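As structure tokens, the structure follows; a few thoughts come after it.
Heavy atoms only: backbone and side chains are in, while hydrogens, waters and symmetry mates are out. Keep in mind the model is a prediction, meaning the values are calculated, not measured. Labels below follow one simple rule: chain letters A, B, ... track the order of the sequence lines, proteins then strands, and each chain is numbered from 1.
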Amino acid sequence: MKYQPQEIEGKWQERWDAAGVFRCPDEVVAPKFYCLEMFPYPSGRIHMGHVRVYTIGDLLARFKRMRGCQVLHPIGWDAFGLPAENAAHRHGTHPAKWTWENIAFMREQLKEMGISYDWDREFATCSPEYYRWEQLFFLWMLRDGLAYRKRATLNWCEECQTVLANEQVNRDGTCFIHDQTPVTQRELDQWFLGITKYAEELLSGHEELRGGWPENILEMQRNWIGRSEGAEIDFPLAGGDGSITVFTTRPDTLFGATFMSMAPEHPLVMRFAGEAGREKEVRAFVDRVAGQDRLIRTSEELEKEGIFTGGYCVNPVTGGKIPIYAANFVLYEYGTGAVMAVPAHDQRDFEFAKKYELPIVVVVQPEGGDGLTADAMACAYEGQGRMVNSGPFDGLQNEDGKREITAHLERKGIGRAKVQYRLRDWGISRQRYWGCPIPVIHCPKCGAVPVPEKDLPVVLPEDLPYTREKGNPLAAADDWVRVPCPSCGGPGRRETDTFDTFFESSWYFLRYIDPRNDRAPLDPEKMRAWMPVDQYVGGVEHACMHLIYARFFHKYLRDRGLAPGNEPFRRLLSQGMVCMATLECPKHGWRYPEEVDEGGNCRQCGEKVLVGRSMKMSKSKRNVVEPSALVERYGADTARLFSLFASPPEKDLDWSEQGVEGAFRFLGRVYRLIAQKGKALRDAGPIAGEQVEAARRIRQVTHRTLKKVTGDIEDRYHFNTAISAIMEMVNFLYLVEDTAWESPETSPALREAVETILLMLSPFAPHVCEELWERIGNDGMVCGKEWPAADEEMARAEEILVVVQVNGKLRSRITADAEATEEEIRAMALADPRVREYTDGKVIRKLVVVPRKLVSIVVS
RNA sequence: GCGAGAGUGGCGGAAUGGCAGACGCGCCGGACUUAGGAUCCGGUGGGCAACCGUGAGGGUUCAAAUCCCUCCUCUCGCACCA
């Protein structure tokens, strides 16, 4: 009667597979439930983070299936990307081979976990059958003006030989893959997607998501989109030709603008310097700032520095001639790359003005006084107030002043209200081989020409000799690169950049609905039937990029009539990280547990190893547990159960070997209890109408537990408390006398109890439940059974416990009939001897009766 | 600095205004046993007790881990965004 998961799990995985129980037909015949976990990058083997996220998703999928839903629960592979190339460089293998081998291995690992996927829908994004469609999307976007080409300064890693997103640059200005390589800036022609056109909708769409998405993710997205309201104002150049436009959120302070600051990268900076004969010193400054690494450049502590460019412009309302500086704190990518400087009301400008002795003019006075003077100020005043030194606008509240001045500028045609976003258009070009080719042909005569739709897909040539050299092998693949221009027929060259891999992950959830369609990317009919995703589960690390890009794609495809609704993911669960204690040797750094002896010393040097705080599992910190080893030792059911039991899904999970033992022990307890009673259970008759007291007590426990477990999973997503309720029920059954299992009076109730446990536990630990279900003589598979309904009548207690407080302190507990009236309970409480000890001879000031719960008596 | 979340036994965590510490781990004791690091049963916040206990202090309430105010600590996100 030993619980041996190794003998159980493979058998049931095969049976599920053979019966196709998790296959989801296209046609929706029951309430649909689309359950999706973020698909994995095939890095080689799954890690504990995968175990956790896929276990959570599977619990919900299995639960919803038993609740009568038709569940779509797919999986696939986010298969393009840099690590494949890096691995190829390191091991001399081809990225495609490496990727497909990893997929094969990880697929087996997921199957060993018993995750209930519809494997028929599986795909990898690196196959042309998938990526051909995103090439088509790109052509549509070109036509719709949503995709465009622009010269841009981008982060470049010499080691990767490619462009990096800002997020791929470490804080210290090094590459996120190569910690030692500094990232430099390069100017390149790049493809962009106009995501900013959807900025407002991406923000307002949060209304629809509120409640279904965690608030912190929405907050992160709000920051990311970074909406701010203000005005654009044109400052004429003092020379008389043209003007410089700035963006400001404080048009009310325009009269106080005493100089202008520009990003050092701004092309006008060197023009002004040239005209003023200041080229040398300005160039020196610009080069120095450009060479500074990101950490320094963007830290708030960095001293404000700048240099006079030699140029002047005119404050459009005061007519004053103001100098134009290049300043290290102005960002070229945001707004117009130039800002009007109002030192009295902006701290950065204030520090700058002090340093370079530029004039400070107060134009907003705090309420109740004219206290502020330029000379006496120690810092800028950024608060609200009344406008001064602002000509016709004097005396206005500055908030009104914002509107008035903006209106004034609009009338004169030299300014306009403007909403600015921090969100930038999405640069999608990567100088990489292992990605989806961008379907464009460059022609010396016609420029960048889209590949005609009929010529799609542009297949990534996988038969290239993949060399260990740096750079993009595509550029050297002459046969592939040289093609005639689709427009003029002359010699053309294929675009050798590939898409950012977020392109693939921006629509994969739609493709799962129609994964084998070879005539179109999606079938709008099926989309209507299956979208949106009812539950999406994934890590917080994708809060901004992936989730915003996916929302953007969905909105674009909606506008083209392909995707229904405004938002692709109705509910989002962002699971916490899997953490484990770290071990650190003072000499050798992070240690694996096996590198430390029993006495807590480093096996290499004998030094005492420090047990550090629990941190996210990572190979670099050597605090990882291998899922395969875990499954081999304890079985998938234990791994799953522990993942769900150790903490609620959205919180971090502290991995604990002993906790895993506990989960395993519990499953063993369930197994032994039910296997030992197998015969008695098989022989038990059906539940009869009349029941003895003992049977009623058993059924009460069953239905109470059922009610709690159902609510915990369905309404609260508190899987850990659902498990603990099942544990309590199992503990209860262990105390039931042997004779009761044999007795015809109680065995039907016990059989119901056992069946209910197996049904409730099956989404958590599906294999052992199937095995026991069969052992007690039931037909069919437990995963296909209906979730039982809790019988309220059965769950109700005849007697209830009421606690009695006197002056707020617990003094007694009384049992009362469940039907007892408030009056009766009050009388019982007052008559209780333990209560009377505290109330006798005192005056009762107040008495509160909470039905079925408590009596609170206040005496003096 | 701004924003969000969190702080409860030796540990993971329960309790969302009504018995603080469910359940699990660990620990202690017992049973079975040649043996037990298997299994089963029992105990386990502190204090001899009155009582005291949910980061600290105040408040609301018959009643506060839970609501309000002030503060501390930690985690995450954003951070010169004009």
Side-chain angles (χ1 to χ4, degrees), chain A residues 1-2 214-224 226-228 230 246-250 253 257 261 297-304 327-331 333-342 345-349 351-352 420-424 540-541 543-544 576-577 579 581 613-615 641-642 645-648 650-663 665-666 668-669 672 708 716 718 720-731 734-735 801-813 845-850 852-859:
Chain A
M1 289 294 172
K2 209 172 156 209
E215 191 50 47
N216 64 325
I217 303 263
L218 295 178
E219 176 68 19
M220 283 160 75
Q221 293 202 350
R222 263 195 300 277
N223 284 335
W224 193 262
R227 183 183 198 274
S228 60
V246 300
F247 171 74
T248 181
T249 54
R250 294 294 303 273
T253 62
S261 308
R297 180 74 196 274
T298 59
S299 89
E300 210 167 342
E301 294 81 54
L302 179 69
E303 189 175 352
K304 314 283 173 271
N328 62 348
F329 62 88
V330 180
L331 305 174
E333 318 82 65
Y334 184 77
T336 63
V339 278
M340 70 179 210
V342 185
H345 304 292
D346 181 283
Q347 186 58 26
R348 294 158 302 182
D349 297 341
E351 288 168 33
F352 198 87
Q420 182 71 43
Y421 298 92
R422 201 187 76 106
L423 182 73
R424 322 249 163 87
V540 68
E541 64 274 17
C544 290
M577 296 180 298
C579 299
R613 61 189 299 167
S614 185
M615 289 196 269
L641 189 75
F642 177 73
F645 180 62
S647 82
E650 69 283 358
K651 293 225 292 186
D652 286 350
L653 183 154
D654 266 320
W655 197 265
S656 135
E657 182 69 26
Q658 285 162 340
V660 174
E661 292 270 0
R665 210 145 49 210
F666 169 69
R669 242 167 106 75
R672 279 187 302 277
K708 164 136 180 82
R716 304 197 320 151
H718 279 201
N720 53 336
T721 53
I723 295 169
S724 74
I726 300 173
M727 286 174 166
E728 282 180 88
M729 182 164 164
V730 171
N731 291 345
Y734 260 89
L735 300 179
L801 186 74
V802 174
V803 298
V804 187
Q805 295 178 346
V806 180
N807 284 352
K809 288 201 168 65
L810 176 72
R811 294 303 182 195
S812 183
R813 297 157 218 263
R845 298 268 151 165
K846 188 159 186 171
L847 205 148
V848 180
V849 179
V850 180
R852 303 173 64 86
K853 272 200 178 133
L854 133 162
V855 178
S856 182
I857 304 165
V858 185
V859 297

Nearest-nucleotide pick for [X], side chain only, options being [options]:
| X | options | value |
| --- | --- | --- |
| A/V330 | B/rC62, B/rA82, B/rA15 | B/rA82 |
| A/N720 | B/rA14, B/rG18, B/rC78 | B/rA14 |
| A/K853 | B/rG77, B/rG18, B/rG24 | B/rG18 |
| A/N223 | B/rG77, B/rA22, B/rG24 | B/rG77 |
| A/T721 | B/rC23, B/rA82, B/rA22 | B/rA22 |
| A/K846 | B/rC81, B/rA22, B/rC62 | B/rC62 |
| A/Q805 | B/rG13, B/rA63, B/rG77 | B/rA63 |
| A/E219 | B/rA82, B/rG3, B/rG77 | B/rG3 |
| A/F329 | B/rC23, B/rC51, B/rC80 | B/rC80 |
| A/H718 | B/rC23, B/rA15, B/rG12 | B/rA15 |

With both distances kept under 3.5 Å, what pairs with [N], Watson-Crick or G-U wobble?
| N | value |
| --- | --- |
| B/rC67 | B/rG59 |
| B/rG53 | none |
| B/rG5 | B/rC74 |

What is the distance from [atom1] of [X] to [atom2] of [N], rounded to the nearest Å?
| X | N | atom1 | atom2 | value |
| --- | --- | --- | --- | --- |
| A/I723 | B/rC25 | CD1 | C1' | 14 Å |
| A/M220 | B/rA79 | CE | P | 11 Å |
| A/D652 | B/rC11 | CG | P | 18 Å |
| A/R422 | B/rC78 | CZ | C1' | 7 Å |
| A/Q347 | B/rA79 | CD | C1' | 15 Å |
| A/E650 | B/rG13 | CD | P | 11 Å |
| A/Y334 | B/rC81 | OH | C1' | 4 Å |
| A/W224 | B/rA79 | CH2 | C1' | 13 Å |

(message) Using heavy-atom distances to pick each residue's nearest nucleotide on RNA chain B, tell me which of A/G659 and A/L653 is more 5'.
(response) A/L653

(request) Could you check A/K651 against A/S656 and say which one's nearest nucleotide on RNA chain B is further toward the 5' end? (result)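 Mapping each residue to its closest nucleotide by heavy atoms, the 5'-most match is A/K651.
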
(request) Indicate syn or anti for B/rG9, taking the glycosidic torsion and treating anything within 90° of 0 as syn. (result) syn

(request) Let me have a per-nucleotide readout for nucleotides 35-48 of chain B, 5' to 3', with B, S or -, counting only protein heavy atoms under 4.0 Å. (result) ----SSSS------

(message) Taking the ring centre of each residue, are A/F352 and A/F329 less than 6.0 Å apart?
(response) yes

(message) With a 3.5 Å distance limit and no angle check, can you tell me whether A/D346 reaches the backbone of A/A341 through a side-chain donor-acceptor pair?
(response)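 Such a contact is absent between A/D346 side chain and A/A341 backbone.
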
(message) It should be established whether A/R811 places a side-chain nitrogen or oxygen under 4.0 Å from OP1 or OP2 of nucleotide B/rC51.
(response)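 Checking B/rC51 against A/R811, a side-chain N or O does come within under 4.0 Å of OP1 or OP2.
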
